Chemist: 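Here's a structure for you.
Owing to the predicted nature of the structure, the values given are computational and were not obtained by experimental measurement. Counting starts at 1 for both ligands and their atoms, following the listed order. What you see below is based on every heavy atom in this structure, not just the backbone, and it leaves out hydrogens, waters and symmetry mates.
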Amino acid sequence: MSDQLFQEAKQLDAADQLKAERANFAIPKDANGTEVAYFTGNSLGLMPTSARAAVEQELDDWARLAVDAHLHGTNPWFSYHERFRETGARLVGAKPGEVVMMNGLTANLHLMLASFYQPKGNRTTIMVEDALFPSDDYAVESHINHRGLDAKQNMIRLTPRSGEQTLRTGDIVGAIEDAGDTLALVMLAGVQYRTGQWFDMPAITEAGHRAGAYVGWDCAHAAGNAPLQLHDCDADFAVWCSYKYLNSGPGAIAGCFVHERHGKNPKLPRLAGWWGNDPTTRFKMESGFIPRPGADGWQLCNPPILAMAPLAASLDIFDRVGMTALREKSLKLTGFLERAVLSVAPSARIITPTDPNRRGCQLSISFGDRAKTIRDTLQEHGVVADFREPDVVRLAPVPLYNTFADVARAATTIAQVTAPANA
Ligand SMILES: *Cc1c(COP(=O)(O)O)cnc(C)c1O
């Protein structure tokens with residue numbers, strides 16, 4: 001069985017058009033000095049080797065030019081965020097100007113909720129998933145409280161049908177229709193962090209708009225993973241972090257999408273700062289905020305350049321390779337993982353949707369009471385995966401740096417626990 005998997009992996013790796021990309025990443029090694037099979041790029045992506053020189057470049061400019069680097073640096077700091085205008089937009093299917101890279105994810109979510117949660121009269125509720133990521137849960141709750149409303153009464157929480165792990169699109173649309181004119185905002189994950197489900201973003205966005213609500217997406221697990229079309233799906237806003245699939249380092253600078261129809265509307269309420277002001281008047285130091293058009297108008301602070309540098313290094317890779325090629329490999333890699341795991345552990349239950357159009361690269365696998373043992377055994381064999389209570393192991397094969405051989409290694413290690421004949 002395991003020979004057969006490694007044999008198949010060898011052929012798939014040989015045919016892989018993106019196999020050279022792996023060399024652009026630092027791959028951690030296990031205690032024996034062997035490269036690990038890293039399946040937690042959904043949690044912290046590996047370091048692009050170009051990140052170091054990118055940071056050093058900015059340190060050098062700081063040393064050499066100090067304040068003059070704002071205008072005369074190699075990558076002038078005054079307009080540094082504009083480096084992401086095109087690459088950031090292409091990454092998530094947006095138009096240039098609809099994406100800005102700034103702050104952290106939760107901070108961006110707060111900025112978006114300040115603009116897009118405008119309870120009025122009867123229209124006061126926010127629809128979320130019950131299994132919402134805690135930080136998003138706190139952010140939404142705090143905005144409802146902040147407006148003097150009761151969060152318990154104004155959060156509509158979606159739960160899967162009994163016995164099911166993921167939400168059905170029809171049920172979400174039905175819940176939106178039921179909420180009708182009480183609904184102020186729908187805020188869901190693009191790809192759900194625990195189950196790996198990729199929601200039907202166009203259908204849900206359309207349903208939300210039909211009900212008269214705004215619709216925003218947390219794309220923490222979707223950006224750089226699923227081929228997003230944020231502009232065409234007509235989302236009002238989206239936010240994401242850059243340290244997961246975007247490989248931009250711990251606490252990396254996050255992303256924010258604002259649809260162009262809102263970016264052109266200076267009247268939309270927002271929390272303002274000087275970096276969101278029209279750059280031609282920014283240094284006049286006068287009162288009277290004039291937002292620059294587009295997502296740029298939500299910026300608060302002059303950006304932390306040393307943290308932006310690894311992001312630039314990483315997005316250059318995404319832009320060069322392109323989401324289309326990444327997705328093509330991702331479908332094969334995750335499909336291979338699915339087949340390999342089910343071949344060695346037929347009783348495992350993959351809770352991630354089986355339809356490739358409803359998932360990114362991550363598979364969340366329920367192993368019952370063996371889940372923790374499996375995770376620990378993987379770890380002992382240099383396969384890095386994570387465990388989520390009560391019984392789920394998450395494996396995310398990332399097309400930029402994972403190999404089909406990594407997948408075979410994970411599956412044969414799982415077989416040591418699940419197949420008594422091999423023990
Ligand atoms: C990873 C993640 C976060 C983390 O938020 P930070 O502000 O980056 O710390 C928030 N929400 C979701 C859905 C996530 O997956």
Chemist: If only side-chain N and O atoms count, and only distance matters, is there a donor-acceptor pair under 3.5 Å linking W77 with E58?
Modeler: yes
Chemist: Would you tell me which option among N42, L188, D136 has the nearest heavy-atom contact to atom 10 (C) of ligand 1?
Modeler: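 Minimum heavy-atom distance to atom 10 (C) of ligand 1 goes to D136.
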Chemist: Taking only Lys NZ, Arg NE, NH1 and NH2, and the carboxylate oxygens of Asp or Glu, determine whether R210 and E177 approach each other closer than 4.0 Å.
Modeler: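 Yes, charged N to carboxylate O under 4.0 Å.
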Chemist: Is the contact between D218 and ligand 1 made by the side chain, the backbone, both, or neither, using heavy atoms and a 4.0 Å cut-off?
Modeler: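 For D218, only side-chain atoms sit under 4.0 Å from ligand 1.
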Chemist: Identify, for atom 5 (O) of ligand 1, the protein heavy atom at the shortest distance, and state residue, atom and that distance.
Modeler: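 Its nearest protein heavy-atom neighbour is T106 OG1, 3.4 Å.
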Chemist: Quick check: S135 and ligand 1, any N/O pair under 3.5 Å apart?
Modeler: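 The answer is no, given that S135 and ligand 1 share no N or O pair closer than 3.5 Å.
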Chemist: Can you classify the ring geometry of H221 versus Y193 as parallel (below 30°), tilted (30 to 60°) or perpendicular (above 60°)?
Modeler: tilted
Chemist: Just need the protein heavy atom nearest to atom 14 (C) of ligand 1, so name the residue and atom and give the distance.
Modeler: K244 NZ, 2.8 Å
Chemist: What protein heavy atom is closest to atom 3 (C) of ligand 1, reported as residue, atom name and distance in Å?
Modeler: F133 CE2, 3.4 Å
Chemist: Does a donor on one side chain sit under 3.5 Å from an acceptor on the other, for N75 and Q57?
Modeler: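 Not at all, the side chains of N75 and Q57 share no donor-acceptor pair under 3.5 Å.
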Chemist: Taking atom types as modelled and ignoring hydrogens, do the side chains of T352 and T195 form a donor-acceptor contact shorter than 3.5 angstrom?
Modeler: no
Chemist: Considering the heavy atoms of H221, write down every atom of ligand 1 situated less than 4.0 Å from one of them.
Modeler: 15 (O)
Chemist: Any chance the side chains of D391 and S366 put a donor and an acceptor closer than 3.5 Å?
Modeler: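 On atom types as modelled, these side chains qualify, holding a pair under 3.5 Å.
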Chemist: Which residue owns the protein heavy atom closest to atom 4 (C) of ligand 1, what's the atom, and how far is it?
Modeler: Y243 OH, 3.1 Å
